[in-house]
Amino acid sequence: MKNKKLAIIGATGLVGQTVLKVLEEKNIPNFEYELFASKKSQGKKVRFMKREYEIKELTKETFNKKFDYAIFVAGAKVSKEYVPIAVQNGTIVIDNSSYFRMNKDVPLVVPEVNAKDIKKHKGIIANPNCSTIQAVVALKPLNDEYKIKRIVYSTYQAVSGAGSKGVKDLENTLKGLKNQKFPYVIANNCIPQIDSFTEDGYTKEELKMINETRKILHEPNLRVTATTVRVPVSNSHSESINVELENNFELPELVETLKNFTNLVVVDNPEKEEYPMAINATG
């Protein structure tokens with residue numbers, strides 16, 4: 001069998017490093033990899049798949065070479081410029097940025113929730129915002145079984161969601177140094193702003209959760225609101241999701257519905273003070 005070729009764009013960033021780690025864990029057979037980043041990372045050596053890879057600079061000529069797939073984790077600006085070039089050259093792109101998510105011709109996919117949508121791709125498959133992904137995995141079985149009427153999101157999002165600069169800001173401000181990434185000191189603080197504010201008072205992060213949830217669940221008129229907050233935690237976003245359901249339910253039955261869903265772990269034992277926490281989810 002001929003090996004498939006996969007390009008990873010943004011391989012040196014915080015998300016890129018995690019992509020490499022997950023690919024190593026999956027160890028998909030018959031794949032060859034090439035790693036790309038910006039010019040400043042060119043020539044850097046990265047240990048991956050038990051060998052050393054050299055980071056190459058991403059240019060407009062990169063996709064003159066045939067790649068079967070490319071994973072883009074370098075931000076919306078890079079995706080806007082380079083994804084169309086990759087697709088034009090026959091590469092199927094999985095894009096992590098926000099740029100293509102709400103494009104009607106681009107499936108927005110969480111495999112546990114709407115894997116069938118992948119088949120509708122025209123060269124680009126988008127993955128949602130991180131806080132949306134974990135939410136819809138829990139919401140999907142509830143919507144299937146009880147029909148969701150309304151959602152109220154409240155998120156407590158770790159600094160890693162802002163990349164390596166966000167993590168550095170927490171480390172620095174804990175030492176009493178000045179904040180560089182966030183608008184305020186994040187140590188011992190909660191900042192009720194993720195991304196910029198829009199005219200209607202929502203931040204872009206909040207609107208992402210609202211609009212992406214509707215698209216993934218195929219519920220364009222679903223009533224959703226969100227408040228997103230940055231908290232002084234290194235890794236793992238936490239969320240409170242208040243859900244109103246159309247159909248009647250018994251709570252034990254609802255919990256069993258959640259327990260039986262793919263890749264969803266229910267941690268719910270108040271008597272023993274067992275509940276989901278970021279420190280246990282990390283990694």
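Keep in mind the model is a prediction, meaning the values are calculated, not measured.
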Checklist entry - For K215 and M102, what are the C-alpha separation, side-chain angles and deciding distance, and is it a side-chain contact (heavy atoms from CB on, under 4.5 Å)? => result CA-CA 8 Å; K215 182 173 180 178; M102 297 313 297; 4.2 Å; yes
Next on the checklist: Using side-chain contact (heavy atoms from CB on, under 4.5 Å), reason through N172 and K178 one step at a time and then give a plain yes or no.
Outcome noted: CA-CA 7 Å; N172 286 342; K178 184 171 170 52; over 6 Å; no
Next on the checklist: Evaluate K50 against E24 for salt bridge (Lys or Arg N to Asp or Glu O under 4.0 Å), listing each step before the verdict.
Outcome noted: CA-CA 9 Å; K50 297 180 181 177; E24 280 190 322; over 6 Å; no
Item to check | K45 vs E54, salt bridge (Lys or Arg N to Asp or Glu O under 4.0 Å): CA-CA, chis, key distance, verdict | outcome: CA-CA 5 Å; K45 301 288 197 302; E54 184 173 314; 3.6 Å; yes
Next on the checklist: Under the criterion side-chain contact (heavy atoms from CB on, under 4.5 Å), I'd like the reasoning laid out for E212 against R101: C-alpha separation, chi angles, the key distance, then a yes or no.
Outcome noted: CA-CA 8 Å; E212 291 173 15; R101 287 177 190 158; 3.1 Å; yes
Next on the checklist: For Y82 and T62: C-alpha separation, side-chain torsions, deciding distance, then whether side-chain contact (heavy atoms from CB on, under 4.5 Å) applies.
Outcome noted: CA-CA 9 Å; Y82 292 97; T62 293; over 6 Å; no
Checklist entry - Can D105 and K122 be said to form a salt bridge (Lys or Arg N to Asp or Glu O under 4.0 Å), step by step? => result CA-CA 7 Å; D105 293 324; K122 298 176 181 176; 3.5 Å; yes
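Using a 4.5 Å heavy-atom cutoff, the side chains of Q180 and K168 are not in contact. In this structure the side chain of N3 never reaches within 4.5 angstrom of the side chain of F31, judged on heavy atoms. In this structure, the side chains of L20 and Q17 come closer than 4.5 Å at one or more pairs of heavy atoms. Side-chain contact between S98 and K208: present, with at least one pair of heavy atoms (C-beta onward) separated by less than 4.5 Å. In this structure, V73 and I9 have side chains that are not in contact, with every pair of non-hydrogen atoms separated by 4.5 Å or more.
Hydrophobic clustering keeps V152 apart from F249 (ILVMFWY residues linked when any side-chain heavy atoms are closer than 4.5 Å, directly or through intermediates). Cluster annotation: V19 is not connected to F72 through the hydrophobic network of ILVMFWY side chains, with a link wherever side-chain heavy atoms come within less than 4.5 Å. F100 and L207 fall into different hydrophobic clusters, where Ile, Leu, Val, Met, Phe, Trp and Tyr residues are linked whenever their side-chain heavy atoms come under 4.5 Å apart, directly or through other members. I94 and V136 are assigned to two separate hydrophobic clusters, defined by single-linkage of ILVMFWY side chains at heavy-atom distances under 4.5 Å. Note: the hydrophobic cluster containing F67 does not contain I8 (ILVMFWY, side chain heavy atoms under 4.5 Å, direct or indirect links).
For CD of Q88, the number of neighbouring non-hydrogen atoms (other residues, nucleotides, ligands) closer than 6.0 Å is 12 at most. Heavy atoms of other residues, nucleotides or ligands lying less than 6.0 angstrom from CG of N188 number 12 at most. Heavy atoms of other residues, nucleotides or ligands lying less than 6.0 angstrom from CD of E25 number more than 12. The local environment of NZ in K66 is crowded, with over 12 non-hydrogen atoms from other residues, nucleotides or ligands closer than 6.0 Å.
Counting only N and O atoms by type, the side chains of T155 and Q157 include a donor and acceptor under 3.5 Å apart. Side chains of N179 and T173: a donor-acceptor N/O pair is absent below 3.5 angstrom, by distance only. Side-chain contact annotation: D117 with H218, donor-acceptor N/O pair under 3.5 Å present. For the residue pair T91 / N89, no side-chain donor-acceptor distance below 3.5 Å is found, with atom types taken as modelled. Side-chain contact, S131 with E205: a donor N or O sits under 3.5 Å from an acceptor N or O.
Using modelled atom types, one side-chain atom of R230 and one backbone atom of A158 make a donor-acceptor pair closer than 3.5 Å. No donor-acceptor pair under 3.5 Å is formed between the side chain of E145 and the backbone N or O of T257. Side-chain atoms of T12 never come within 3.5 Å of backbone atoms of S41 as a donor-acceptor pair (strictly under, hydrogens ignored). The backbone N or O of T282 lies less than 3.5 Å from no partner atom in the side chain of N235, so there is not a single donor-acceptor pair.
We find that K147 and E244 are not joined by a salt bridge, their nearest charged nitrogen and carboxylate oxygen being 4.0 Å or further apart. Using a cut-off of 4.0 Å between Lys/Arg side-chain N and Asp/Glu carboxylate O, K140 and D144 are scored as salt-bridged.
Separation of atoms CG (N143) and CD1 (I148) is listed at 4.5 Å; rounding is to 0.5 Å. Note: D195 CG to T198 OG1 = 9.5 Å, rounded to the nearest 0.5 Å. Here I55 contributes atom CD1 and L35 contributes atom CG; the two are 4.5 Å apart, rounded to the nearest 0.5 Å. Put simply, CE on M49 and CG on N27 are 5.0 Å apart, with the number rounded to the nearest 0.5 Å. Considering CD of E32 and NZ of K4, their distance stands at 12.0 Å, rounded to 0.5 Å. Taking OG1 of T228 as the reference point, atom CD of E239 lies at 10.0 Å (rounded to 0.5 Å).
When each of V243, L245, N248 is tested with Y146 by the rule side-chain contact (heavy atoms from CB on, under 4.5 Å), just one qualifies, namely L245. For the pairing with T132, the side-chain contact (heavy atoms from CB on, under 4.5 Å) check across N211, I216, V137, N127 returns one residue only, I216. Paired with Y153 under the rule side-chain contact (heavy atoms from CB on, under 4.5 Å), one option of T225, N242, T227, T213 passes, and it is T213. In summary, of the residues considered (I210, I151, L139), a side-chain contact (heavy atoms from CB on, under 4.5 Å) with L222 occurs for I151 alone.
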In residues 260-279, what donor-acceptor pairs under 3.5 Å come from side-chain atoms, sequence neighbours left out?
unit_1: N260; atom_1: ND2; unit_2: E256; atom_2: O; d: 3.1
unit_1: N263; atom_1: ND2; unit_2: E112; atom_2: OE2; d: 2.8

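Partners of F48 under the ring pair (Phe, Tyr, Trp, His ring centres under 6.0 Å) rule, at least two apart in sequence or in another chain, are Y33, Y53. A search for side chain to side chain contact (heavy atoms under 4.5 Å, CB included) contacts involving N221 returns nothing, not counting sequence neighbours. Qualifying salt bridge (charged side-chain N to carboxylate O under 4.0 Å, His left out) partners for K204, counting only residues two or more places apart in sequence or in other chains: none. In this structure S97 satisfies the side chain to side chain contact (heavy atoms under 4.5 Å, CB included) test together with A76, S79, D95, Y99, sequence neighbours excluded.
Here I186 is tied into one hydrophobic group with L14, V159, V167, L170, L174, F182, Y184, I191, each link being a pair of ILVMFWY side chains closer than 4.5 Å.
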